[in-house]
Asks: 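Encoded as structure tokens, here's the structure I'll be asking about.
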Amino acid sequence: RWRLFSDLLYKHNFSEIIQRASKIFVSHSQITRLYSRFHSLDKGENGALSREDFQRIPELAINPLGDRIINAFFPEGEDQVNFRGFMRTLAHFRPVEDNEKNKDPSAGEPLNSRNNKLLFAFRLYDLDRDDKISRDELLQVLRMMVGVNISDEQLGSIADRTIQEADTNGDMCISFSEFIKVLEKVDVEQKMSIRFLH
Amino acid sequence: MLRVVGLWGEVSAEDHEDGGASHHGGGYKIVQWEWSYVQTPYIIAIWLLVASVAKILFHFSQRFTTVVPESCVLILLGLVLGAVVLIANKKQLYQLDPGLFFLFLLPTIVGDAGYFMPSRLFFDNLGAILMYAVVGTLWNAFCTGFCLYGVKLAGVIDDKVQAGLMEFLLFGALISAVDPVAVLAVFEEVHVNEMLFIIVFGESLLNDAVTVVLYKVYISFVEVGPGNVQTADYFKGVASFLVVSIGGTMVGLIFAVILAFITRFTKKVRIIEPLFIFLLVYLAYLTAELFSLSAILSMTFCGIGCNKYVEANISQKSRTTVKYTMKTLASIAETIIFIFLGISAVDKSKWAWDTGLIACTLIFIFVFRAMGVVGQTWILNKFRLVPLEKIDQVVMSYGGLRGAVAFALVVLLDGEQVKAKDYFVATTIVVVFFTVMFQGLTIKPLVKWLKVPRSTNRKPTINEEIHERAFDHILAAIEDIAGLNGYHHWRDKWEQFDKNYLSKLLLRKSVYHKSELWEAYQKINIRDAISVIDQGGNILTSARLSLPSMASRTSFPEVTNVTNYLRENGSGVCLDLQVIDTNPGAKVEEETETHHVLAGNLYKPRRRYQSHYSRHFMTVGDQERQEREVFQRNMRNRLESFKSTHYKRHKKDRSQKKARAQLHLSQLLLLLTSRVKPTNTQLRLGMTQAELVLKREGCSEENKGERSEPDKDEDVGITFVARKGSETPKERPKSVPAALEVCQSPSVAPPSPTCGEKNLPWKGGIGTLPPCVSVEATKIIPIDLQQAWNQSISSLESLASPPVPQEPQHPRVSFQFPGGKEEEEESALSQQQQEMQPLMPSLRPPPPPPSGWCVGKLKLCSLMGL
């Protein structure tokens with residue numbers, strides 16, 4: 001544990017990290033814990049993770065959306081993610097605390113807000129980042145999720161139905177606002193949160 | 001229940017004499033009174049009838065049912081019936097017999113609950129459920145027992161109650177368990193949110209193991225006497241708890257696997273599918289009882305475990321049968337339990353009232369329940385993603401209802417060993433009545449007052465299905481990345497295991513290869529269709545007639561008759577397709593349209609040519625046809641509402657434009673029709689296509705030319721609806737007016753499942769045939785001829801319209817149709833196309849000149865005259 005802390009101090013400006021991270025995560029132990037995870041993933045030992053580092057996680061290899069989720073960790077055009085970026089992405093999945101619900105809106109939207117959680121999911125579909133899920137993009141994700149047991153035709157009709165249900169302006173795509181709308185009855189705060197241990 | 005004999009015996013004796021007298025006695029009796037022969041089943045049937053009729057009467061008053069829970073009324077009814085029997089007979093004949101209760105009544109309720117348990121929700125909250133069920137029940141039992149003993153020592157409880165510490169602990173154990181029957185009965189009417197419900201209900205099911213063990217341990221302690229209990233016995237008690245709970249669960253899961261495996265092979269004997277489910281779930285219960293394990297746990301886990309596989313394996317009809325039978329049985333069992341609880345209360349011999357004991361018990365179970373819930377929730381909330389709020393805790397405390405299980409257990413006590421049995425019985429009855437009636441009555445207003453989030457009872461949409469699956473994958477991946485072996489990690493592991501091994505073993509091959517998502521999609525589709533029909537299938541008609549496009553009417557005052565009115569407002573649905581070919585008179589036209597409207601909107605009459613009777617197979621036809629019709633109507637309606645919104649708007653504009661250009665009305669109509677026509681056919685076509693897609697689950701889709709047989713389950717099957725239609729043009733001279741043809745076709749058609757399809761207007765005439773035939777006909781053309789066919793079609797098409805980028809290798813020739821110049825219409829059309837016909841490449845057709853297109857079509861028709 002102590003080695004980790006010194007590690008942190010050595011590689012990054014520790015106080016700055018804590019300061020920044022505490023905006024994202026609450027407890028120090030969470031940060032330390034995630035840092036140790038980050039460190040163990042970082043085989044290159046250069047303070048940043050590459051795609052290969054992620055792909056080495058065995059469970060991700062069988063996760064149908066694994067590649068998409070790995071991509072979500074990387075800012076556009078980069079293939080390295082540092083600890084801060086790593087934490088930023090994970091912070092989307094922090095559960096919404098009670099005291100955060102009535103925080104003043106001027107402070108800006110926290111990363112784990114409902115909209116940001118949804119945006120994370122939306123980005124997984126939206127490959128070309130045009131803020132719309134087209135039929136093709138939806139089909140790709142569906143294909144990943146259902147495997148090979150279903151024909152293109154069946155998949156196509158599911159995709160069509162999905163788009164038709166969500167599409168309100170008739171452009172045959174799902175925009176982010178339509179995405180929010182169609183999931184408005186879902187308890188996203190709960191279904192897109194995991195419990196990071198204290 | 002079987003102790004009625006006395007009462008009925010007297011009556012029967014009198015009747016017997018009467019009967020004998022009327023026949024002058026002696027010799028052979030024509031009518032014999034065989035009461036003793038039918039007595040038992042007769043009485044059971046009468047009781048069931050009384051209970052059912054009571055339910056009917058109760059539900060007469062809508063306002064009454066919303067205020068008073070059914071269980072209260074049933075108990076009251078029981079009290080009344082009990083009083084009647086008591087007055088008539090001076091002695092209570094009935095009571096809730098523990099044997100009957102545990103062997104027959106309880107399993108039906110638990111079986112229903114387990115089988116239809118929302119498993120995802122259950123496992124999501126399993127931690128909390130286990131905590132409340134084990135720790136909570138233990139806490140309640142010990143605290144209530146010890147405190148009652150303390151109160152007894154303090155002298156609040158009368159000395160007549162001869163009970164020591166062990167007796168009170170025993171009583172505490174049996175009175176402290178939350179009762180599944182009561183919880184179900186009350187909470188089903190309250191509609192609190194699912195999470196709250198599953199926690200309370202799950203607790204009431206899983207606490208059975210604790211109750212059973214505590215009860216048995218204490219009974220043995222009472223038997224040997226408190227002085228002789230050794231330390232080892234306590235450890236034995238703990239070991240026994242583990243064996244009873246884990247053993248019960250294992251028995252349940254083993255039976256679940258057996259059951260799922262059996263249903264893999266019931267394809268040929270669909271009719272007894274439901275029986276297997278009832279039998280094996282019940283056997284799970286009985287087997288657990290046999291080894292004195294927790295039977296409720298066993299049955300619950302058997303239900304939860306087998307549900308997924310069994311539901312996938314059995315046919316739709318069996319699913320419905322199982323559902324309704326289980327619900328019926330559970331409902332009637334519940335009714336009987338409550339009525340008998342009421343009746344059992346009216347029994348002088350059992351009552352031994354002690355106000356101190358009763359009051360203290362009521363206070364203690366309430367206080368300790370609340371304390372237990374608050375304390376456990378405080379611990380749980382440290383680990384829970386969704387903390388349980390204060391109002392949740394209030395409802396959970398208040399929802400700790402005691403019921404028939406406690407009563408049956410207390411009746412089972414041995415009066416010799418437990419001297420205070422009568423006091424305990426009376427107290428239990430009061431406690432049960434108080435919780436079920438008072439708390440049951442007040443929990444609804446309480447929930448309303450606290451504004452507890454209610455359940456929405458909403459079925460997920462396809463978007464939710466898809467995105468929530470994605471959420472699950474995302475969460476599992478994030479846990480893996482963050483290195484947390486949390487819930488989602490293990491759930492993902494389990495799903496992998498299930499997919500790779502369990503499902504392979506327990507699911508039919510044909511089912512295993514189906515995708516869950518596809519199943520969900522189909523379910524949603526069918527549900528939609530049914531709901532559309534339920535809302536009154538005439539949405540379409542009424543909408544059409546109530547949404548007059550006034551502008552077009554005023555611009556054409558000549559448009560007065562119904563036909564034209566419909567034509568103006570009917571969004572193209574009932575436009576006749578034959579106008580171009582034959583230009584029939586107005587009358588014929590109108591008849592045609594009437595026919596179309598009727599054919600489109602009336603249900604097909606049921607045909608009764610299947611007079612086949614078999615005990616072992618159910619006839620397939622009707623149901624399937626109806627399902628198909630329901631689906632078709634749904635699609636049609638959706639398309640039409642779609643169109644009427646998109647199409648009407650611009651039609652109005654256009655009509656005005658044309659009017660300004662002073663075009664002749666008929667010309668305009670002609671033009672409109674020509675535009676509408678392909679849409680219409682496309683629409684119908686889309687429908688059959690979609691239907692095909694729906695019907696053809698499990699069928700290998702690689703080769704469209706081959707009519708490959710699917711793994712034909714009873715409730716799925718291919719229907720190639722267009723076969724007949726494509727052949728009809730041969731027999732038909734071109735000059736015959738369309739209306740006549742349309743009217744003829746049903747009579748020509750042999751009574752086959754597809755003959756209903758022939759009535760569809762788009763098959764009625766030549767002019768409309770090509771697009772549909774071209775697509776559908778490829779199905780009936782031998783595979784080796786298809787290439788040639790496709791070529792000829794595409795060459796024809798190039799005549800008809802400017803060449804467009806097509807996919808010539810595509811087995812289905814998708815016809816371009818004039819989408820019209822207006823972008824709006826086109827988008828509407830392509831949307832429909834997308835919706836209905838996933839295979840059609842969604843290329844935007846270049847706008848061909850309408851007249852040219854018609855000519856091309858005609859050419860095509862004549863060529864297609866075959």
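Letters go in sequence order (proteins before strands), and every chain restarts at 1.
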Asks: I'd like to know if the side chain of B:E464 and the backbone of A:V186 have a donor-acceptor N/O pair within less than 3.5 Å.
Replies: no
Asks: Taking NZ, NE, NH1 and NH2 as the nitrogens, is one of them in A:K191 or B:E468 under 4.0 Å from a carboxylate oxygen of the other?
Replies: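 Between B:E468 and A:K191 there is a salt bridge, with a charged N closer than 4.0 Å to a carboxylate O.
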Asks: What residue in B:K493, B:H488, B:R384 has the most heavy-atom pairs under 4.5 Å with chain A?
Replies: B:R384
Asks: Quick check for you: among A:I174, A:L138, A:L183, A:I70, which has the greatest number of heavy-atom pairs under 4.5 Å with chain B?
Replies: A:L183
Asks: State the CG-CZ distance between A:L118 and B:F471, to the nearest 0.5 angstrom.
Replies: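 One finds 5.5 Å between CG of A:L118 and CZ of B:F471.
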Asks: Could you measure the distance from the CD1 atom of B:I462 to the CD atom of A:E165? Nearest 0.5 Å is fine.
Replies: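 Interatomic distance, B:I462 CD1 to A:E165 CD, rounded to 0.5 Å: 7.0 Å.
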Asks: With a 3.5 Å distance limit and no angle check, can you tell me whether A:N63 reaches the backbone of B:H473 through a side-chain donor-acceptor pair?
Replies: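 Yes, because the side chain of A:N63 sits within donor-acceptor range (under 3.5 Å) of the backbone of B:H473.
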Asks: Take A:F54 and B:D480 through the test side-chain contact (heavy atoms from CB on, under 4.5 Å) and record every step on the way to the result.
Replies: CA-CA 10 Å; A:F54 280 106; B:D480 294 333; over 6 Å; no
Asks: Could you check whether any side-chain heavy atom of A:I158 comes within less than 4.5 Å of a side-chain heavy atom of B:I466, counting everything from C-beta outward?
Replies: yes
Asks: Answer with side chain, backbone, both or neither: which region of A:I62 has an atom nearer than 4.5 Å to a non-hydrogen atom of chain B?
Replies: both
Asks: Mind checking the CD1-OG spacing from B:I478 to A:S193? Nearest 0.5 Å is all I need.
Replies: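 Between atom CD1 of B:I478 and atom OG of A:S193 there are 11.5 Å.
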Asks: State, yes or no, whether a side-chain contact exists between A:R161 and B:N525 at a heavy-atom distance under 4.5 Å.
Replies: yes
Asks: Are B:Y521 and A:T162 side-chain neighbours, meaning at least one heavy-atom pair lies under 4.5 Å?
Replies: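 B:Y521 does not reach A:T162 side chain to side chain.
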Asks: With a 4.5 angstrom heavy-atom cut-off, is it the side chain or the backbone of A:K185 that approaches chain B, or both, or neither?
Replies: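 Answer is both: backbone and side chain atoms of A:K185 are under 4.5 Å from chain B.
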Asks: Does any non-hydrogen side-chain atom of B:I474 lie less than 4.5 Å from one of A:M192?
Replies: yes
Asks: Run A:T89 and B:I481 through side-chain contact (heavy atoms from CB on, under 4.5 Å) and show every step you take.
Replies: CA-CA 11 Å; A:T89 311; B:I481 289 172; over 6 Å; no
Asks: For A:I133, which atoms come within 4.5 Å of any heavy atom of chain B: side chain, backbone, both, or neither?
Replies: neither
Asks: Could you tell me which portion of A:I194 (side chain, backbone, both or neither) has an atom closer than 4.5 angstrom to a non-hydrogen atom of chain B?
Replies: both
Asks: Compare all side-chain heavy atoms of A:F93 with those of B:E479 and state whether any distance is below 4.5 angstrom.
Replies: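 A:F93 vs B:E479: side chains apart.
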Asks: Taking all non-hydrogen atoms of both residues into account, name the closest pair between B:A477 and A:I69 and its distance.
Replies: CB-CD1, 3.4 Å
Asks: Which one of A:F86, A:F120, A:Y125 has the most heavy-atom pairs closer than 4.5 Å to chain B?
Replies: A:Y125
